[in-house]
Amino acid sequence: MRNYKNGLDEMQKQMRNSIGNQMFMIMYWVLLLNCGLHGAGIKWLTYPIDVMVIITACMGVYLVRLIAFNAYLPPKANNKKPITFLIIAIFFSIALVIAITKFFGQPLTQIVSDRNLTRIIIIIPAVAVIISLIVIGIKRKNSKDDDN
């Protein structure tokens, strides 16, 4: 039986829900650990940045696991071109940085005064590109396995 809303079959939905529940619990425990470390005086990043890094990392692992277990896209959506989407996303990201720089009249690193925040603003898109490349690799591997 198919779910016509998103095209996923029952096994894909069950796997997606299982992975989602596991990642939610991992994110909860890591955030709780982070709060405990802050309470003990150990700060690895300032407050809003550390939570954003934890959430981004958990969402990245969630996405990679979904694609690795073939629970992200419906079976009929295998003809999409992820490289084209990635190139368009990189182009728009660069355009956004240039637009922000022109709007404020100074480089992005001077707009953001906190060094850690500047690093995170640079690192998170880089991690997103790496996750996208991992996803492309997993899709290619799965498609080769399906062909054999």
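These numbers come from a predicted model, not from an experiment.
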Supply the atom-to-atom distance [X] [atom1] to [Y] [atom2], rounded to the nearest 0.5 angstrom.
| X | Y | atom1 | atom2 | result |
| --- | --- | --- | --- | --- |
| C58 | L63 | SG | CG | 13.0 Å |
| I49 | T56 | CD1 | OG1 | 11.5 Å |
| R16 | N70 | CZ | CG | 13.0 Å |

Taking side chain to side chain contact (heavy atoms under 4.5 Å, CB included) as the test, write out the residues that go with F92, two or more places apart. I88
Are [X] and [Y] connected in the hydrophobic side-chain network, where two residues link if heavy atoms are under 4.5 Å apart?
| X | Y | answer |
| --- | --- | --- |
| L33 | V61 | no |
| L32 | V53 | yes |
| F69 | M59 | yes |

Any side-chain heavy-atom pair from K43 and L37 closer than 4.5 angstrom? no
Should D50 and H38 be marked as a side chain to side chain contact (heavy atoms under 4.5 Å, CB included) after you check the CA-CA gap, both sets of side-chain angles, and the distance that decides it? CA-CA 10 Å; D50 59 352; H38 272 275; 2.5 Å; yes
Side-chain (S18) to main-chain (Q14) donor-acceptor, under 3.5 angstrom: no
Does M11 sit in a hydrophobic cluster with other residues, and if so which ones, taking ILVMFWY side chains as linked at heavy-atom separations under 4.5 Å, directly or through other members? none
Side-chain atoms of residues 22-31: list all donor-acceptor pairs with protein atoms under 3.5 Å, sequence neighbours left out, distances to 0.1 Å.
residue, atom, partner, partner atom, Å
Q22, OE1, R65, NH1, 3.0
Q22, OE1, R65, NH2, 2.6

